[in-house]
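Keep in mind that this is a model prediction, so the values were computed, not measured. Counting from 1, the numbers follow the sequence of the chain as shown.
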Amino acid sequence: IDRLRHMHLHDQVQAKGDHLPFGKGALELEKYLQLAQQHDCRAVIEVKTIDGLRQSVDWLKARGWM
């Protein structure tokens, strides 16, 4: 953990796949965002579409991360 500097973050559902927009899967994204914040780590949003990126940004804004 002391070497953590950068992570790619996306939501996922085992049966439906990964790289889903934030909030569309089953991962506890806030847990990973808090980890990144605590360790001054860069987190990159990794999704498949522009719309997925917009949804993820909206999700982050609604929760006060942006």
S.K.: Any chance you could pull the hydrophobic cluster mates of V13, using side-chain heavy atoms under 4.5 angstrom and chaining through other members?
M.R.: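 In the cluster with V13 are L20.
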
S.K.: Does W65 reach the side chain of Q34, with side-chain heavy atoms less than 4.5 Å apart?
M.R.: yes

S.K.: Looking only at heavy atoms, which two atoms of L9 and F22 are closest? And how far apart?
M.R.: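 Closest approach of L9 to F22, heavy atoms only: O-CE1, 3.4 Å.
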
S.K.: Measure the spacing between CD of E30 and CZ of R63 and express it to the nearest 0.5 Å.
M.R.: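 If we round to the nearest 0.5 Å, E30:CD and R63:CZ are 6.5 Å apart.
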
S.K.: How close do W59 and G23 get, heavy atom to heavy atom, and via which atoms?
M.R.: NE1-CA, 3.5 Å

S.K.: Which heavy atom in A43 sits nearest to a heavy atom in A36, and how many Å separate them?
M.R.: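 The answer is CB-CB, 4.4 Å.
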
S.K.: Looking at R54, I want to see if its CZ is surrounded by more than 12 non-hydrogen atoms of other residues, nucleotides or ligands under 6.0 Å.
M.R.: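 Result for CZ/R54: open.
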
S.K.: Hey, what's the ring geometry for H19 with H10, parallel, tilted or perpendicular (30° and 60° as the breaks)?
M.R.: parallel

S.K.: Within the side chain of D40, is there an N or O that forms a donor-acceptor pair under 3.5 Å with the backbone of R5?
M.R.: no

S.K.: Among L29, V47, D18, find the residue that satisfies the side chain to side chain contact (heavy atoms under 4.5 Å, CB included) test when tested with D11.
M.R.: L29

S.K.: Tell me whether M66 is reachable from Y32 by hopping between hydrophobic residues (I, L, V, M, F, W, Y) whose side-chain heavy atoms are closer than 4.5 Å.
M.R.: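 Same hydrophobic cluster.
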
